Each structure stands twice: as C-alpha cells, then as structure tokens.
Participant: 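After the structure tokens below, expect a handful of questions from me.
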Amino acid sequence: MALTTLQFGQCGNQVGHELFSTLAKDIHSPKPGVSARDNELYIQNSVNQWFEEDVDSKKLFARAVLVDTENKVVQESFKKQSSNRQWAYNERTCAVRSGGAGNNWALGYQRKGPELLESVSEALRFQNEKVDRLSGIFSIMSSAGGTGSGVGSYIMENIRDEYSKKAFFNAVVLPFEAGEVVTQSYNTLLSLAKILSVSDATLLLQNDHLHSMLSSLLNFKTVGIGDLNSLIALKMAGSFQPLQETPFSMKLNMSDIIARIAPHPAFKYFCIKSSPHVPKESRRFDGGCQWSVLAKHMRQMLRTNILSSDSVSLDWELKQPSSVPPSVHSTTQFSCSVANHLVTRGLAFSNNQYRPEEDFVGRGMHPRWAPENAAFTHSHQTRRFNDQDKFAFLVSNNSQLHVPLNTVVDKAWKMFTHKAYMYQYLRFGLMEEDFVDAFVKLESVVKAYKELGKNQMSYI
Ligand SMILES: Nc1nc2c(ncn2[C@@H]2O[C@H](COP(=O)(O)OP(=O)(O)OP(=O)(O)O)[C@@H](O)[C@H]2O)c(=O)[nH]1
C-alpha cells in the first residue's frame with residue numbers, strides 16, 4: 001500500500017525531510033532483532049509505503065511532493081541529501097514559487113495556492129502513476145505561517161475530488177503559544193476550519209508539548225527545531241511503519257488506522273503519545289520494562305483532572321514509566337476516547353500474561369455509541385524500533401483534544417473582537433463572514449470534544 005506525502009511550507013518540508021530520514025534509518029537498521037526473512041518483508045512493506053526504489057542503484061526516492069512559496073527550504077533539503085546515500089527526493093516533484101506567503105493565510109489561500117495548484121497536481125500525478133495501489137495522500141504543514149496553512153488548505157481542498165476514494169489525512173504543527181507570528185491564531189483557525197471538511201483525519205502536533213518532552217524526558221538543555229522534528233518523525237514512523245499479524249494483534253496499514261481512529265465526522269482529530277523516551281546513556285532501562293507496565297503507562301496518558309475542566313492534570317507522557325503501580329487520585333479520571341490504537345514495537349508480546357484491551361476498554365473510556373471492539377485496537381511488530389527493545393505508541397482520538405483547539409479559538413476570538421490585523425486578510429479578498437464561519441465550525445468541534453469528555457467516569 002503506497003502513500004504520497006505532500007510537504008507544505010517551511011515546517012512541512014522540514015518535518016517531511018526528517019520523517020523520510022527516520023524511515024530510511026529504520027529500514028537500514030543494523031539491529032532489527034528479527035529473522036532475515038521477517039526483516040526483508042518489513043523493509044519491502046516500508047519501502048512500498050513511503051518510497052520508490054531505483055532498481056539499479058537501490059537508492060530510495062521519497063514518494064513526496066515539496067510545495068513552498070520560497071525556494072530556500074526546498075533547496076536546503078536537496079543540499080542535505082547530496083551527502084545522504086540512503087534516500088533522496090526526486091527533483092521533478094517540487095512545486096515552488098517565490099515571494100513567501102508573509103505569515104498570512106489569506107495570501108496563501110487566495111493567491112499562492114491557485115498559482116501553485118497546477119504544478120502540485122502534475123507532480124502528484126507523476127508520483128502516483130508509478131504506483132500500483134495508492135492508498136492515501138498524507139499532507140504535512142504548520143498552521144501558523146501563510147504557506148502551510150493557506151496554500152496547504154487550498155491545495156488539499158482542490159485535489160480532494162481527484163483522490164476521493166483514497167485516505168486523505170494530514171499532520172498539522174500547532175505553534176508555540178507564546179508564538180513568534182502575531183497572526184498565528186487567525187491562520188490556525190482558518191486552516192483548521194478549512195481542512196476539517198476535506199481531511200479524513202488530522203494529527204495535531206503541539207510544539208510546546210514536544211518541547212517539554214525533550215527537556216523533561218530527554219534532558220535537553222536547549223531544544224532546537226531539528227530536535228522537535230526528530231521527535232515528530234519518531235512518533236509518525238513508530239505509529240505508521242509496517243505492523244504484523246499475530247494471534248492477538250491486528251495488522252493494520254496507515255489508511256486502516258486512519259479509518260479506525262476517526263470513524264465519526266464530528267471527531268476527526270488525533271494525537272500520538274509515545275513511551276519510553278530515554279536518554280541514550282540510560283537505554284538499559286527500556287528492555288527491562290514489562291509490556292504490561294508500558295501499556296498501563298500509556299493508559300495513564302488518558303487521565304484528566306476532574307477538578308479542572310480545561311487541562312490535563314498530570315501529563316503522563318512527560319514521565320518515565322515506573323514498575324511501581326501509579327497511585328491514583330480520586331480527582332482524576334480517564335478522558336473519553338472515540339478510538340485508541342496501541343502500537344507496540346520490539347520484543348515478543350505474549351497475551352498469556354497481559355491483554356491490553358483489559359486496560360483500554362471499559363466503563364466510561366469510550367462514548368456509548370462506539371462499539372467496544374472497534375474503539376480499541378492493538379498492533380504489534382517484533383522488529384526493534386529506534387534501537388530500543390520496546391517502544392509503544394498510542395494513536396488516540398480523545399476528549400483532551402479540545403484543549404489545544406479551544407486555545408486557538410479563544411485567542412483568535414480575542415483578536416477578532418478588536419478587529420486586530422483584519423485588514424491584512426481583507427485586502428486579499430477574505431471577508432469577516434469567512435472568519436465567522438471558521439469560528440462556528442471550530443467551536444462546534446470544541447463543543448463536541450468537550451461533551452465527549454462528559455462521558456468520562458471517575459477512576460474506580
Ligand atoms: N516543529 C516545527 N515547527 C516549525 C518548523 N518550522 C517552522 N515551524 C513553526 O511553524 C510556524 C511558522 O510556519 P512556517 O512553516 O515557517 O511558515 P510557512 O508555512 O512556510 O509560511 P510563510 O513563512 O508565511 O511562507 C511557527 O509556529 C514555527 O514555530 C519546523 O521545522 N518544525
């Protein structure tokens with residue numbers, strides 16, 4: 001099953017580059033921990049999903065289209081790969097204009113998007129006609145600038161019909177709350193609202209949260225953009241690299257996961273939680289941790305504080321799993337999930353000792369309308385990942401997602417009531433009604449996720 005990745009703007013291109021580097025590193029892992037045959041099968045599946053392989057040189061070419069309104073980042077991607085012998089981009093799959101999009105969704109959506117549409121469509125066709133079975137289109141962008149958000153939403157909207165039978169999903173990087181772009185809340189609001197009607201599912205990635213993970217779990221003294229991207233790429237690759245059929249877990253590909261994680265049109269967002277993130281020098285730890293401990297730790301990440309309606313009380317993703325069972329406060333409860341998909345990678349998983357569904361399926365963990373067997377799925381892959389014996393990922397669509405979405409709506413609304421920076425958008429043809437429509441759409445999503453949270457049950 002093949003996917004084509006669309007990389008939009010500075011962030012989309014940098015994250016995309018890091019994703020393909022992580023995938024190539026995983027493919028070429030010197031210590032896969034499985035038989036040569038199983039390793040070969042995994043590599044074949046992974047290459048088919050993400051890359052084109054040159055028959056003679058065996059070099060991998062990313063099945064990607066690079067889109068930007070400035071040449072710089074795309075050029076840098078090509079420069080970086082001249083020293084990289086494992087994989088490359090194909091030069092025919094770039095769609096680039098000059099001038100930038102000035103951190104303005106309206107400039108990106110109204111001007112630059114239409115200018116780029118034809119070359120993006122051509123580049124996509126060039127990539128896709130080489131593929132036997134295309135399963136989906138995966139777009140990556142940030143929401144704060146003008147290109148990722150504006151051009152990204154315009155292109156997604158305008159190519160949707162051509163790929164109406166394919167999984168169509170995207171990853172959006174949300175800006176730092178104390179962000180560097182003054183109009184970032186408007187851009188985020190407008191792009192999330194637009195993408196909502198065209199994407200089957202949207203992975204939300206929060207720069208602030210990723211930053212906290214790197215500083216508190218991996219002890220980074222300073223965190224650069226490249227570090228954030230490595231973590232994003234790790235989460236994506238860990239969740240979407242090939243999985244295997246076992247007696248107790250399901251072999252799902254990326255589009256199966258998307259269909260399961262966002263089964264309802266009102267709940268199309270998801271996040272990826274992962275553990276354990278261990279500094280290299282203390283890697284001894286991860287092999288010693290039981291799968292049951294790791295899976296229970298992942299479940300803790302679904303806890304919220306019932307005394308605070310707006311925030312997650314203790315973020316368990318910022319803690320290392322401990323072999324001591326967590327002490328649980330009566331003030332915490334599980335957030336209600338539309339769906340959770342647990343991916344475990346590494347040492348064999350035996351369900352004689354532990355069945356994760358016992359921890360992830362139960363009273364109040366899912367809305368009443370969600371069939372319990374579909375609301376939680378588990379997939380395993382025995383091949384080692386990221387040079388660790390055990391790594392778990394939780395792809396989760398749960399009520400906590402209302403928090404980052406609500407923050408965006410609140411901040412944008414405060415600016416909108418003062419008409420702040422509106423002229424920048426109106427001069428590119430946007431109208432106040434477009435903002436009002438976007439607020440209505442996103443507020444209804446926030447409300448749906450908040451209501452979902454009311455299904456949650458106190459810990460018993
Ligand atoms: N995680 C991550 N965030 C990034 C990266 N590059 C930029 N950002 C964030 O993305 C937002 C800015 O968006 P960009 O992608 O730079 O902008 P753009 O889409 O290229 O749009 P224009 O600059 O207006 O043409 C800010 O919130 C940055 O913090 C990156 O490589 N990784």
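None of the values given here were measured: they were computed from a predicted structure. Ligands are counted one by one from 1 in listed order, and the atoms in each one are counted from 1 as well.
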Participant: Please confirm whether Ala101 comes within less than 3.5 Å of ligand 1 when only nitrogen or oxygen atoms on both sides are compared.
Facilitator: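 It does: an N or O of Ala101 is found under 3.5 Å from an N or O of ligand 1.
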
Participant: Which heavy atom of Ile27 sits nearest a heavy atom of Arg383, and at what distance?
Facilitator: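 That would be O-NH2, 3.3 Å.
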
Participant: Select one of side chain, backbone, both or neither to describe which atoms of Leu210 lie under 4.0 Å from any atom of ligand 1, heavy atoms only.
Facilitator: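 Neither part.
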
Participant: Can you tell me if Arg384 has over 12 outside heavy atoms packed within less than 6.0 Å of its CZ?
Facilitator: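 Above 12, so yes.
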
Participant: Below the 3.5 angstrom mark, is there an N/O of Gln184, backbone or side chain, next to an N/O of ligand 1?
Facilitator: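 In fact, backbone or side chain, Gln184 has no N or O that close.
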
Participant: Kindly confirm or rule out an N or O of Gln14 lying under 3.5 angstrom from an N or O of ligand 1.
Facilitator: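 Yes, Gln14 has an N/O under 3.5 Å of an N/O on ligand 1.
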
Participant: Is there side-chain contact between Val446 and Lys450, with at least one heavy-atom pair below 4.5 Å?
Facilitator: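 Yes. Closest side-chain heavy atoms under 4.5 Å.
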
Participant: Between Ser230, Gly145, Gly108, Gly152, which one has a non-hydrogen atom sitting closest to atom 17 (O) of ligand 1?
Facilitator: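 Among Ser230, Gly145, Gly108, Gly152, the closest heavy atom to atom 17 (O) of ligand 1 belongs to Gly145.
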
Participant: Please identify which atoms of ligand 1 are closer than 4.0 Å to at least one heavy atom of Pro175.
Facilitator: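 This gives 27 (O) as the contact atoms.
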
Participant: Tell me which one of Ser199, Ser153, Ser139 satisfies side chain to side chain donor-acceptor pair (under 3.5 Å) with Asn170.
Facilitator: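 It is Ser199; the other options fail the test.
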
Participant: Report, in ascending order of atom number, the atoms of ligand 1 lying under 4.0 Å from any heavy atom of Gly9.
Facilitator: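 Close to Gly9: 19 (O), 20 (O).
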
Participant: Thr69 heavy atoms, cut-off 4.0 Å: which ligand 1 atoms fall inside?
Facilitator: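 Close to Thr69: 25 (O).
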
Participant: As a test of understanding, state which of Glu122, Gln127, Gln7 forms a side chain to side chain contact (heavy atoms under 4.5 Å, CB included) with Val65.
Facilitator: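 Between Val65 and the candidates, side chain to side chain contact (heavy atoms under 4.5 Å, CB included) is satisfied uniquely by Gln127.
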
Participant: Counting heavy atoms only, which of Asn103, Val173, Val67, Thr147 comes nearest to atom 25 (O) of ligand 1?
Facilitator: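 It is Thr147 that holds the nearest heavy atom.
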
Participant: Hey, does Ile232 sit under 4.0 Å from ligand 1 if you only count heavy atoms?
Facilitator: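 Flag set, Ile232 near ligand 1.
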
Participant: Between atom CH2 of Trp50 and atom CH2 of Trp87, what is the distance when rounded to the nearest 0.5 Å?
Facilitator: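 One finds 12.0 Å between CH2 of Trp50 and CH2 of Trp87.
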
Participant: Please determine whether any non-hydrogen atom of Ile225 lies less than 4.0 Å from an atom of ligand 1.
Facilitator: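 Per 4.0 Å heavy-atom rule, Ile225 contacts ligand 1.
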
Participant: Please report whether ligand 1 has a polar contact with Val15, defined as an N or O pair separated by less than 3.5 Å (distance criterion only).
Facilitator: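 N/O-N/O distance below 3.5 Å does not exist for this pair.
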
Participant: Given Ser143, Ser142, Ala144, Gly99, identify the one with the heavy atom nearest to atom 14 (P) of ligand 1.
Facilitator: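 Among Ser143, Ser142, Ala144, Gly99, the closest heavy atom to atom 14 (P) of ligand 1 belongs to Ser142.
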
